[in-house]
Amino acid sequence: MWAEIAVSAVKVAVIAGTVLTLVAVMEWVERRGAAFIQDRLGPNRVGPLGLFQPIVDAVKLLFKEDLTPANVNRGLYLLAPMISVSVALLTFIVIPFGAGKDITVFGVPLGGIEVAPDLGVGVLFLLAIGSLGVYGIVLAGWSSNNKYSLLGGLRSSAQLISYELSMTLAVLGVLLATGSLRLDAVVARQGGQFWLGVIPQWNVVPQILGCIVFVVAVFAETNRLPFDLAEAETELVAGYHVEYSSMKFAAFLMSEYMNMVTASALIVTLFFGGWTFPGMGRFSGWPLLALSLVAFGIKLAFFLWLFVWVRWSLPRFRYDQLMRLGWKGLLPLATLNLVWVGVAMAMGWIR
Amino acid sequence: MMGTAVFYLVAVVGVVSALVAVSHKNPVVNVLSLVVTLFCIAVSYALLGAEFLAAAQILVYAGAILVLFLFVVMLLGAPEEPPVGERRPFQRVAGLALAGIAAAGSIAVLAGIRVAAPAGAAQGTAEALGRLLVGPYLFAFEFISVLLLAAMVGALMLVKRKH
Amino acid sequence: MTVPTTHFVIFAALLFAIGAAGVLVRRSGISILLGIELMLNAANLALVAFGRQHGQLDAQVFVFFVMAVAAAEVAVGLALLVAIFRKQRSIDVDRLNVMRW
Amino acid sequence: MLDLLWLVPALPLAGALVLLAGGLHFGKRTTTAVGVGSAGLALAAVAAILVQYAGMHGETVARHVFNWISAGDVTVDFALRLDPLSAVMLSFVTLVGFVIHVYSIGYMHTEGDRAYARFFAYLNLFMFAMLTLVLGANLVVMFIGWEGVGLCSYLLIGFYFDKEYCAAAGIKAFVVNRIGDFGFLLAIFWAFKVFGTVDFAGMAAALAADPTRYAAAVTPIALLLFVGAVGKSAQLPLYVWLPDAMAGPTPVSALIHAATMVTAGVYMVVRCNFIYRLSPTAMLVVAAVGGVTALFAATIGIAQNDIKKVLAYSTVSQLGYMFLAAGAGAFAGGIFHVFTHAFFKACLFLGAGSVIHACSGEQDMRKMGGLARKIPVTYWTFMVATLALCGIPPFAGFFSKDEILGRVFAAGAGNLNGFGASYLVLWVLGLAAAFLTAFYMFRAVYMTFHGEFRGTPEQWHHVHESPGSMTWPLKILAAGSAVVGLLGVGRAITFGTDLNWFENFLHRVAPTVEVEHAPSLGTEWVLILISVAVAVAGILLARRFYFGAEAFVAPRRIAERAPALYAAVANKYYVDEAYDRAVVRPLGKLAHFSWKGIDTIAIDGTLNASAFFTEIAGDLLRFLQTGNVRNYALFVLGGAVAAAAWLLL
């Protein structure tokens, strides 16, 4: 009992620490990446290559005046960023990061290194918690008592609900192929075997449609360009967080980056084999764990970079275009994918 | 042991937030309090072994239905009730009295009942529920899809602006 | 030791009564819909509790259906409210008596 | 190939659906390709199936297509059944049907594109319905086809629906058929109640297992089935629709009269022979209705002047023969006559169509004459078919008709079921009908093809032989009329050697009821000679009356001497008028009364009264309707709490 609690606590600490560090790194990556794409230098003064820039930013935000505007709804105004960060953090607990299946620490099996390995509803939990993220934005938008932020909140609530459908449908395709709601089962199914000896049996191959839908929907769910209509600087100044400053503003920023990490981790886990890597059958125990973590990290890094890349490459959608894409583009595609998976499974084309 | 403590905690929180949800003047607060109550109910589901329902409860109610409420509240500019002009004081009194009678009566009746320990065992996993849904309840399940479609079309027709 | 079924049911009964009170007392259409949601959820909770009492899953299936119906109901209800609000700039149900004899 | 049995009805259905869906936009070429093509494919499928089936020694092949009705104890499958009986039916239904399709290309080419497409759509639908009827493995599937041919006959008879008499004829056919169908439907219900199944195999097995148990039920079921057959096969008293059905285009008449529709009744009786053979009463009724109809229709036939009407009454009469055979226990004999009749009657109708075509639409034989010179192909094919119909050896009709008369006589002489005297009377009726048949058919031949032309010179100038698409079917059918009789050569003719392939083939599903004392070979030869002699006598009488210098003299004299009799025969014994007075008009009055008396006063009055009281009640109760949602909710919750309290306390 105590050993379990201790192991869980360590897991939580390690994962939360990693994620928060990643947030800081991503901030740097984003700014340097933007500069790279736009052919300029970006922050390069603090530390080697400007690597310490996030630390400086954090210090600056911490020491700025924590301003609360006069006519806001104070309780909700405070609650909104908290909800955003909590939800973003909570979603990590079911994602398997590495192969600890034959390792026990103090009699506690490590499994997939998830925080909550026994949660039978797995992905469903993730979707459920993820669907709460919208409250942070909507409440921030409403409680700020500012028409720009209200518009941002309104937009994001409609946007998130719309894209959640396609996202869930895309996930369903994977779950249908897996036959389980658990993410470690999803990963296990994709590992170890190959088509034609070279193509790993990742879900992305048979379900390329679902993968595309999922990636696009996840961009919308994280409010990233080209779907960042909730902030839309050029139209709404800064959208839902226009009235926020200091650490409360930082909370929204952090939650956005954490959501990016979650989203990337999910893409990797659902469609790109999670922590599996070719040739992993030759390893076991701690080396396997280390290699699997590395594999996961590389895949994760790619998709994190994709987020940055897309952000600085594509212009923002107009709102009606966004809705049209969601309902008339992604939703039918996701349904098609689901039907295809069902038929393929019934026919035995996918095992 | 821990489950018991959790239940009484969520019960108290759930009832209190439900009271806030129906009594507070601000509609946004109403909705948010109801989210809390529904969360408490989800936890109760989990305690009752219905883990799929618990997740679905959050996903459907907190994640979709109440967001829709919030959306409408904001769309309508969070209209508060007019402070004056209650033309039916009788309604308020009778309503409260009836609800009170219902609550008190059911507590009084239920508290006096002694039931055997629950049979338990049946775990509400997604698989078990799914087998029921596409097995004996297939017709209802299909029918629900028709209902949802009808509701969707109906809602669209209601709010569609005539050009 | 598990929590007895009666306690769950009492919890549900309380929530139901509160929801009913909300429906009866509030004049804002949104609050009334919220009250209805609360009542539905209370009924759901009671269903699940009784289902566990009998060791059956059917109750949970019903709850699932109730959720779906509730979603449909909310969609239509809120659409009605929006339509009503557009018409008379208010969602006070006491003012909705044009259909009276 | 047998697994593709469903293709046989499905192909014409597909053709019909394509034509109904796209017929408005098709040209004649496309329509022909689809309409005739689907019939041709069906014929090819049947040919392939029959070739395979020929090696199976008459086994019954049942093919389940899909579960159709499943409600409680009632399960009805859409199942098809191929056995010798349906195989025989299939062979000529598709062959004659296809030939008529081909013939229609020429006959209907003057129609507009739309009417042309509509016509072929109906024809295909007709084929589908008839094939379903033939192949159905149970009464209900058979009933689909049964109703289907009824519907199609309505559509086709009323094809020129802008002409009032065509529309009326269509409606008449439909309504009269409905009367029979009602009997059929009741029979199905009754059979289901008694046997618990409507499957032919199932019913036969139940009857074979325990005949006494169902003894009480077989007679009413058999009689109700026969009511259906009487309607569909135009027997007394429901024959009246068939002569009127001439209003349709001639290929339709041929299709309805020769191959399909009217033979359905005979087919059904034979199909259900396992029921009939257990009910002597029903057998006698079938035979009596058939025999009386045969003579009755033949007497009407002698005084008709419309060439198609003559053929129509001849059909009624020949159908009577078929029922006479079935009623005498010669089920295979009845079907054999159906088979041969299909060829010569189709040939006669198409020949009549060719004549009408040649005479620019003229149907009255009094305005024809001498056509043999101008349209020799039509004349010779018509002649062959006529000889077949009259029962002149060695043409097809001789074998089948002789078989029937022989069996009826045997039934009488052998005292079948104790009704020997009745069967002997029926035999005499049959002989008389054979005499009249020969008479009126040669009357038609002489009036049409011999003597001088009695129409206008302009018409005479216009007379021409029909195109190949019309004459080739005639030749094929004439050849069939000449030779198909050899399939069922009676035992007596071959001096006891069993060469009757047809009867042996059908023996498994429709065995002939044998009488105890079969007539001797000598007796049978005497019978054959009698029937041939009777036919020849009829021909000679017709020659005396309508050929040569004294043509038409004798008939006119008879008509002058007995004007009442002549008028009665020429006006078809006033049956239509009698029906009009006895059935149609009282029904009209009843309908009028239902409208004015019952509907307007009683029903509307009750409704208005209830509406009135509802209104008063509403006026009083509306004070409860405050229009306030919360108020309603309060009432609801109050009621719920009260109900709960009442339940608990």
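Here is how names work: the chains are called A, B, and so on, in the same order as the sequence lines, proteins then strands, and each is numbered from 1. Every value quoted in this text rests on a predicted model; they were computed, and no experiment measured them.
With a 4.5 Å cut-off on non-hydrogen atoms, B:Val31 touches chain C through its backbone and its side chain both. For a residue to count as touching a neighbouring chain, one of its non-hydrogen atoms must lie under 4.5 Å from one of that chain's; by this rule B:Leu68 touches chain C with backbone and side chain alike. Looking at B:Ser106, the atoms closer than 4.5 Å to chain C (heavy atoms on both sides) all sit in the side chain, from C-beta outward. Using a 4.5 Å cut-off between heavy atoms, C:Ile32 makes no contact with chain B at all. Contact annotation for C:Ala70: both backbone and side-chain heavy atoms come within less than 4.5 Å of a heavy atom of chain B. Only the side chain of B:Leu34 has a heavy atom closer than 4.5 Å to any heavy atom of chain C. Heavy atoms closer than 4.5 Å to chain C are found in the backbone of B:Ser23, but not in its side chain. Residue B:Ile101: no heavy atom, backbone or side chain, is found under 4.5 Å from chain C. Both the backbone and the side chain of B:Phe141 come within contact range of chain C, judged by heavy atoms closer than 4.5 Å.
Rounded to the nearest 0.5 Å, atoms NE2 (B:His24) and CZ (C:Arg26) are 9.5 Å apart. For the atom pair C:Gln60 CD and B:Leu129 CG, the distance stands at 5.0 Å (nearest 0.5 Å). Note that the CD1 atom of C:Ile84 and the CG atom of B:Leu76 stand 10.5 Å from one another [nearest 0.5 Å]. Going from atom CG of C:Leu78 over to atom CZ of B:Phe69 covers 5.0 Å, rounded to the nearest 0.5 Å. Separating the CG atom in C:Asn44 from the CG atom in B:Leu38 is a distance of 10.0 Å, to the nearest 0.5 Å. Note: C:Arg52 CZ to B:Leu47 CG = 8.5 Å, rounded to the nearest 0.5 Å.
Your options are C:Asn41, C:Val82, C:Thr6, C:Ile18, and the one with the most heavy-atom pairs under 4.5 Å with chain B is C:Asn41. Options C:Val48, C:Leu14, C:Val76 differ in how many heavy-atom pairs under 4.5 Å they form with chain B, and the most are formed by C:Val48. Most heavy-atom pairs under 4.5 Å with chain C, from the set B:Gly154, B:Ser44, B:Ala102, B:Ala103: that is B:Ser44. With chain B as the partner, the residue from C:Leu80, C:Leu34, C:Leu15, C:Asp58 showing the most heavy-atom pairs under 4.5 Å is C:Leu34. Per-residue counts of heavy-atom pairs under 4.5 Å with chain C were compared for B:Ala97, B:Ala140, B:Ala56; the largest is that of B:Ala140. Contact count against chain B (heavy-atom pairs under 4.5 Å) is highest for C:Phe11 among C:Phe50, C:Phe11, C:Phe16. Interface summary for chain C: among B:Gly105, B:Cys40, B:Ala99, the most heavy-atom pairs under 4.5 angstrom belong to B:Ala99.
When all heavy atoms of B:Val159 and C:Arg86 are compared, the closest pair comes out as O-NH1, 2.7 Å. Pairing each heavy atom of C:Met67 with each of B:Gln57, the nearest pair is CE-OE1, 3.3 Å. Shown here for B:Leu148 and C:Ala68, the closest heavy-atom pair between the two residues is CD2-O, 3.6 Å. Annotation for C:Leu24 and B:Gly95: closest pair CD1-CA, 3.5 Å, computed over non-hydrogen atoms. The two residues C:Phe64 and B:Leu53 make their nearest non-hydrogen contact at N-CD2, 4.3 Å. Minimum heavy-atom separation, C:Ser31 to B:Asn30: OG-ND2, 3.4 Å.
Atom CZ of B:Phe39 has 12 or fewer heavy atoms from other residues, nucleotides or ligands within 6.0 Å.
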From CA spacing to verdict: side chain to side chain contact (heavy atoms under 4.5 Å, CB included), C:Val69, B:Leu147: CA-CA 8 Å; C:Val69 174; B:Leu147 178 80; 3.7 Å; yes

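Taking the ring centroids of B:Phe7 and C:Phe8, they lie under the 6.0 Å cut-off.
Of residues 11-18 of chain B, those residues with a non-hydrogen atom less than 4.5 Å from any non-hydrogen atom of chain C are, in numerical order, B:Ala11, B:Gly14, B:Val15, B:Ala18.
Residues C:Phe85 and B:Val72 form no side-chain contact, since every pair of their non-hydrogen atoms from C-beta on lies 4.5 Å or further apart.
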